[in-house]
> 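Dropping the structure in here first, questions after.
As a basis for the values below, the full set of heavy atoms in this structure was taken, side chains included, without hydrogen atoms, waters or symmetry mates.
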Amino acid sequence: MDISWWGFAALAAAAALVGFSKTAVSGANTVSLAVFAAVLPARESTGVLLPILIVGDVVAVLTYRRHAHWPTLWRLFPAVAAGVGAGTVFLLWADDAAVRTSIGAILLLMAGVTIWRRRGGADRADRADSADSAKEPREGEETGEETGAVSEKSGPGASSPAGRVTARSYGVLGGFTTMVANAGGPVMSLYLLSAGFRKLGFLGTSAWFFLIVNTSKLPFSVGLGLVDGRSLLLDAALVLFVFPGALIGKACVDRIDQRLFERLVIGATVLGGLQLLLR
């Protein structure tokens, strides 16, 4: 791969943003996706980015592993597997333009649905803030508010028919977008926000989710020729920039309030979707 120094600097900054997104604002790595697709050919960029994402996932799991909500993950995985399969079939015939247009449209659709849901219903974040102020957990206590996990009987992840349909829909879309363009982060971020997850539960659940999903994608990516010796050589140079980004994210996450956190996630989703559509 012939990459200029400016191009490498852009990729290095995007790799650092991957680390930041994994420990602070999940979904912000749609900007990294856009940078990689701008510097490299779109299809090749997905193969280069995948190992970098996996390293970021490992860092995120080590940081937030205690805060994952496993019932939510088990509900999502079957639908995600179907989405990954559909994405693999799509990549067999789709060109770069089709990939960009499809992913950009899905991201904007999901952002619009989430904004509509939050305006039309009660704001779970405000209710959780009220509960937190009424009863603060002592340091070291393991509580639902502390872990950020939602009750299995609440939100779209619940066992109601509507909840199961919502989880499966997001799961298929998340699997499809993560296989096609490593863009599953915004889709799953929107699902976890709509399910009422707080920051730590959000980050812990998404960390485990993407470590498992991205690792499972590797054989498919190798089979499609997206990951090879040349891409891994570039990864070896770029992966070092993930760690300072992750450290900055960890330092910032406690300073970001819940409402700003949600706005940043949705804003990053819209930015990534528009960039893909307008390229």
> Measure the spacing between CG of Asn182 and CZ of Phe210 and express it to the nearest 0.5 Å.
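Rounded to the nearest 0.5 Å, the CG-CZ separation comes out at 10.0 Å.
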
> Taking all non-hydrogen atoms of both residues into account, name the closest pair between Gly47 and Ser231 and its distance.
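Distance-wise, the nearest heavy atoms are O-OG, 4.4 Å.
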
> Distance-only, no hydrogens or angles: does the Arg43 side chain make a donor-acceptor pair with backbone N or O of Leu91 under 3.5 Å?
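Here the side-chain-to-backbone pair exists.
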
> For residues Thr205 and Tyr64, determine if any side-chain heavy atom of one lies less than 4.5 Å from a side-chain heavy atom of the other.
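Thr205 does not reach Tyr64 side chain to side chain.
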
> Does a donor on one side chain sit under 3.5 Å from an acceptor on the other, for Thr178 and Lys217?
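Lys217 and Thr178 do have a side-chain donor-acceptor pair below 3.5 Å.
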
> Please answer: with hydrophobic residues joined when any side-chain heavy atoms are less than 4.5 Å apart, are Val172 and Tyr170 in the same cluster?
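Unlinked, Val172 and Tyr170 end up in two clusters.
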
> Taking only residues at least two apart or on different chains, which pairs with a member in residues 79-90 satisfy salt bridge (Lys or Arg N to Asp or Glu O under 4.0 Å)?
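Sorted result for residues 79-90: empty, none.
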
> Report yes if some heavy atom in the side chain of Cys252 is under 4.5 Å from a heavy atom in the side chain of Phe20; otherwise report no.
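Contact flag for Cys252/Phe20 side chains = yes.
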
> Between atom OG of Ser216 and atom CD1 of Ile212, what is the distance when rounded to the nearest 0.5 Å?
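So the OG of Ser216 and the CD1 of Ile212 are separated by 8.5 Å.
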
> For Thr88, give me all partners under side-chain contact (heavy atoms from CB on, under 4.5 Å), at least two apart in sequence or on another chain.
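Checked Thr88 against side-chain contact (heavy atoms from CB on, under 4.5 Å); matches are Val84, Met179, Phe220, Leu224.
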
> For Asp95 versus Ala98, what's the shortest heavy-atom pair and its separation?
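Residues Asp95 and Ala98, closest heavy atoms: OD1-N, 2.8 Å.
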
> Is it the case that one hydrophobic cluster holds both Leu247 and Leu240, taking links as side-chain heavy atoms less than 4.5 Å apart, direct or via other members?
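In one cluster: no.
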
> List the atom of Ala79, the atom of Arg168, and the distance in Å for their closest heavy-atom pair.
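So the minimum-distance heavy-atom pair works out to CB-O, 3.4 Å.
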
> Counting C-beta onward and ignoring hydrogens, is there a side-chain heavy-atom pair between Leu203 and Thr23 closer than 4.5 Å?
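SC-SC contact between Leu203 and Thr23 ruled out.
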
> At what distance, to the nearest 0.5 angstrom, does OG of Ser206 lie from NE2 of His67?
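Ser206 atom OG to His67 atom NE2 measures 12.0 Å (nearest 0.5 Å).
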
> Identify whether Val227 and Leu233 are in the same connected component of the hydrophobic contact network (ILVMFWY, side-chain heavy atoms under 4.5 Å).
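No, separate clusters.
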
> When you group the ILVMFWY residues by side-chain heavy-atom contacts below 4.5 Å and let the links chain together, are Phe8 and Val18 in the same group?
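Same cluster: Val18 reaches Phe8 through Ile, Leu, Val, Met, Phe, Trp or Tyr contacts under 4.5 Å.
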
> Any ring-ring contact (aromatic ring centres under 6.0 Å, His included) involving residues 36-56? Give me the pairs, sequence neighbours left out, ordered by first then second residue.
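Non-adjacent pairs meeting ring-ring contact (aromatic ring centres under 6.0 Å, His included): zero.
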
> Using side-chain contact (heavy atoms from CB on, under 4.5 Å) as the criterion, list what pairs up with Leu76, not counting sequence neighbours.
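Result, side-chain contact (heavy atoms from CB on, under 4.5 Å) vs Leu76: Thr72, Val80, Ala167, Met188, Tyr191, Phe209.
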
> For a quick test of reading the model, state the closest non-hydrogen atom pair linking Phe241 to Ala12 and the distance between them.
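What the structure gives for the nearest pair is CB-O, 3.6 Å.
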
> Go through the structure and list residues passing side-chain contact (heavy atoms from CB on, under 4.5 Å) with Val39, not counting sequence neighbours.
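Expected list: Ile3, Ala10, Leu11, Val35.
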
> My understanding is that only residues two or more places apart in sequence, or in another chain, count here; which of them pass ring pair (Phe, Tyr, Trp, His ring centres under 6.0 Å) with Phe90?
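Ring pair (Phe, Tyr, Trp, His ring centres under 6.0 Å) check on Phe90 returns Trp93, Phe176.
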
> Quick one: closest heavy-atom pair of Leu33 and Leu49, and the distance?
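Minimum heavy-atom separation between Leu33 and Leu49: CA-CD2, 4.0 Å.
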
> Nearest heavy-atom pair of Leu108 and Val270: which atoms, and what distance?
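Closest approach of Leu108 to Val270: CD2-O, 3.7 Å.
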
> Considering residues at least two apart in sequence or located in another chain, which fulfil the side-chain contact (heavy atoms from CB on, under 4.5 Å) criterion with Ala236?
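For Ala236 there are no side-chain contact (heavy atoms from CB on, under 4.5 Å) partners, ignoring immediate neighbours.
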
> Does any pair with a residue in residues 3-20 pass side-chain hydrogen bond (donor to acceptor under 3.5 Å, both in side chains), and if so which ones, sequence neighbours excluded?
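As it turns out, there is no side-chain hydrogen bond (donor to acceptor under 3.5 Å, both in side chains) pair with a partner in residues 3-20 once direct neighbours are skipped.
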
> Measure the acute angle between the ring planes of Trp70 and Trp208, then classify it against the limits of 30° and 60° as parallel, tilted or perpendicular.
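Taking Trp208 first and then Trp70, their aromatic rings sit tilted (interplane angle of 30° to 60°).
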
> To the nearest 0.5 Å, tell me how far Leu232 CG sits from Leu50 CG.
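The CG atom of Leu232 sits 9.5 Å away from the CG atom of Leu50.
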
> Return all side-chain donor-acceptor pairs below 3.5 angstrom for residues 51-59, not counting sequence neighbours, or 'none' if the list is empty.
residue	atom	partner	partner atom	Å
Asp57	OD1	Lys22	NZ	2.6
Asp57	OD2	Asn214	ND2	2.7

